[in-house]
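Small disclaimer: the values here were computed from a predicted structure and weren't measured. Order of the sequence lines sets the chain letters (A, B, ...), proteins ahead of strands, with each chain counted from 1.
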2 protein chains.
Amino acid sequence: MNTMTAAPSPFSPADRPQLGLRERKKIKTREAIRTATYALVKEQGYDATTIEQIAERAEVSPSTVFRYFPTKEDIVITDEFDPIIMDELRARPADEPWMVTLRYVMHKAIAYGMKEDEEVSRLRTHLMVQVPAVRSRMMESMSVTGDMLCQAIAERTGRDQESLEVRVSAMALIGALMETSLYWAEHGHRDEFKDLMDRTLDVLEHGLSE
Amino acid sequence: MNTMTAAPSPFSPADRPQLGLRERKKIKTREAIRTATYALVKEQGYDATTIEQIAERAEVSPSTVFRYFPTKEDIVITDEFDPIIMDELRARPADEPWMVTLRYVMHKAIAYGMKEDEEVSRLRTHLMVQVPAVRSRMMESMSVTGDMLCQAIAERTGRDQESLEVRVSAMALIGALMETSLYWAEHGHRDEFKDLMDRTLDVLEHGLSE
DNA sequence: CACCTTTTGACAGCTACTCTCATTTCATGG
DNA sequence: CCATGAAATGAGAGTAGCTGTCAAAAGGTG
């Protein structure tokens with residue numbers, strides 16, 4: 001479990017005086033690297049942006065960049081949603097139909113993601129479409145979300161978390177969400193993401209038979 | 001040249017005299033690289049196997065390896081199924097229920113994949129579980145399959161190939177198949193893959209609502 | 001055989017990423 | 001306030017995947 005503490009963005013380091021100077025600096029460095037990366041990527045594209053450039057603009061050494069993020073892709077694909085989704089899932093009444101819960105939680109997650117920084121959300125999905133490495137890494141990270149979903153589904157339906165059925169359900173859902181994001185980005189973010197999500201959930205709810 | 005033994009592909013170069021020497025050599029080189037890779041990976045693992053070693057054993061230069069395969073991962077994740085699946089899909093009567101068609105075609109694809117070389121199939125899925133890069137690349141390549149599936153679904157259901165609904169259906173299916181493969185490998189290939197596939201299709205058919 | 005095209009190998013170069021080690025920066029107890 | 005230990009950083013070397021170029025070799029053709 002990657003409980004790396006430090007819920008990322010919505011709070012600035014100054015808001016948490018209870019943390020030591022060391023911790024606050026770490027958060028600041030993390031944000032500096034991310035900010036530098038987003039800026040450079042917007043200026044010159046993902047591939048043309050090197051770690052060295054990122055390090056330079058963030059005013060750290062290249063070594064430090066790798067200490068904070070295992071890969072270059074990871075710098076752009078923040079996944080802070082997992083714990084939020086999980087909490088929201090658990091907060092719903094246990095007897096609520098699963099699809100209702102899912103729909104509700106997804107709406108919440110979208111709202112959260114948008115509020116944070118819409119432009120960043122767009123850049124991220126844009127990169128998912130354009131840069132295969134980013135898309136791949138995103139899928140990888142979503143499979144972690146998948147494990148989490150398995151747990152949630154198992155809790156709700158009383159089935160075994162490790163059963164094929166549960167795992168397939170989770171992965172089908174992940175794939176569908178992924179494709180929804182891609183669709184949104186490919187169409188220039190013109191649709192309301194929430195509406196697309198609803199249509200996606202409709203498809204999953206009724207099965208692929210028709 | 002140590003190939004010629006256990007040719008992975010159902011056709012050996014010698015069987016196709018209609019091709020020029022040039023074409024036959026290319027096929028042979030391709031197979032040599034694959035064979036060398038599989039052997040080395042089995043001996044010392046994926047990460048420990050370098051392109052240089054592969055080139056050496058296949059008796060070609062490293063440059064040539066990259067000419068035949070864009071990435072190291074691609075050497076192990078053959079995807080020759082797409083055209084077969086597509087052909088089989090088109091060969092089914094147009095009024096057959098979609099899920100029946102899908103089930104039939106998947107069975108065919110599995111039978112084909114197994115007959116080819118069971119051990120290679122196992123090694124491949126094993127690598128998918130163990131090596132993230134391979135798993136990622138596999139997903140990437142499956143999204144190509146996804147495009148193809150969109151076309152098939154659109155043809156069958158009369159919907160727009162580019163519609164969100166069709167794309168979500170395809171991607172959910174892909175995700176589910178992926179997870180089924182992983183499940184199979186993680187459980188030591190003990191189950192019959194065909195049975196797992198049936199259970200997966202059951203889940204998709206009835207929707208994730210329950 | 002001569003000529004053209006395709007394939008190959010050798011090599012140089014870039015960059016993501018890893019590892020090690022010395023230096024600096026923060027935390028803490030006296 | 002300082003001394004000691006722990007953590008974070010920077011510098012540098014090294015690995016390996018991957019790209020590009022160019023000349024040599026092999027295959028095809030008249």
**Student:** Please state how far atom CD in B:Glu23 lies from atom P in C:dT5, giving the value in whole angstrom units.
**Tutor:**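 For the pair B:Glu23 CD and C:dT5 P, the rounded distance is 17 Å.
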
**Student:** Starting at atom CD1 of A:Ile54, determine the distance to atom C1' of C:dC17, rounded to an integer number of angstrom.
**Tutor:** 13 Å

**Student:** Just checking B:Phe69: base, sugar-phosphate only, or nothing, at a heavy-atom cut-off of under 4.0 Å?
**Tutor:** nothing

**Student:** For B:Glu52 and C:dA12, what is the distance between atoms CD and P respectively, to the nearest whole Å?
**Tutor:** 14 Å

**Student:** Could you verify whether a donor N or O on one side chain and an acceptor N or O on the other, from B:Thr200 and B:Thr180, lie under 3.5 Å apart?
**Tutor:** yes

**Student:** So what does A:Thr64 touch, heavy atoms closer than 4.0 Å: a base, only the sugar-phosphate, or nothing?
**Tutor:** sugar-phosphate

**Student:** On DNA chain D, nearest-nucleotide positions of B:Asp47 versus A:Ser63: which is more 5'?
**Tutor:** A:Ser63

**Student:** With a cut-off of less than 4.0 Å, is there a side-chain N or O of A:Lys25 near OP1 or OP2 of C:dC26?
**Tutor:**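 Yes.
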
**Student:** Expressed in angstrom and rounded to an integer, what is the separation of B:Asp74 atom CG from D:dC18 atom P?
**Tutor:** 8 Å

**Student:** Could you state the CG-P distance from B:Leu40 to D:dA16, rounded to the nearest angstrom?
**Tutor:**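 These atoms are roughly 14 Å apart.
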
**Student:** Kindly say whether, by distance alone, the side chain of B:Arg22 makes a donor-acceptor pair under 3.5 Å with the base of C:dT7?
**Tutor:**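 Such a pair does not exist between side chain and base.
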
**Student:** Would you say B:Thr37 and B:Phe69 make side-chain contact, with heavy atoms under 4.5 Å?
**Tutor:** no

**Student:** To the nearest Å, how far apart are A:Leu21 CG and C:dC26 P?
**Tutor:** 5 Å

**Student:** With rounding to the nearest 0.5 Å, note down the distance linking CD in A:Gln53 to CD in A:Glu56.
**Tutor:**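 If we round to the nearest 0.5 Å, A:Gln53:CD and A:Glu56:CD are 7.5 Å apart.
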
**Student:** Could you state the atom-to-atom distance from CZ of A:Arg24 to P of C:dT25 in whole Å?
**Tutor:**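 Distance, rounded to whole Å: 17 Å.
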
**Student:** On DNA chain C, nearest-nucleotide positions of A:Arg67 versus A:Tyr46: which is more 5'?
**Tutor:** A:Tyr46

**Student:** Using a 4.5 Å cut-off on heavy atoms from C-beta on, say whether the side chain of A:Val144 contacts that of A:Met148.
**Tutor:** no

**Student:** Please confirm whether the shortest side-chain N or O distance from B:Lys26 to OP1 or OP2 of C:dT7 is below 4.0 Å.
**Tutor:** yes

**Student:** In whole angstrom, give the distance that lies between atom NZ of B:Lys72 and atom C1' of D:dT19.
**Tutor:**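 Rounded to whole Å, this separation is 18 Å.
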
**Student:** Let's see if you can work this out: which of D:dC18, D:dG27, C:dA16 has an atom nearest to the side-chain heavy atoms of B:Phe66?
**Tutor:** D:dC18

**Student:** Would you say the side chain of B:Leu173 lies within less than 4.5 Å of the side chain of B:Leu201, judging by non-hydrogen atoms?
**Tutor:**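 Yes; the side chains approach each other to less than 4.5 Å.
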
**Student:** Tell me whether the OP1 or OP2 atom of C:dT8 has a side-chain N or O from B:Tyr68 closer than 4.0 Å.
**Tutor:** yes

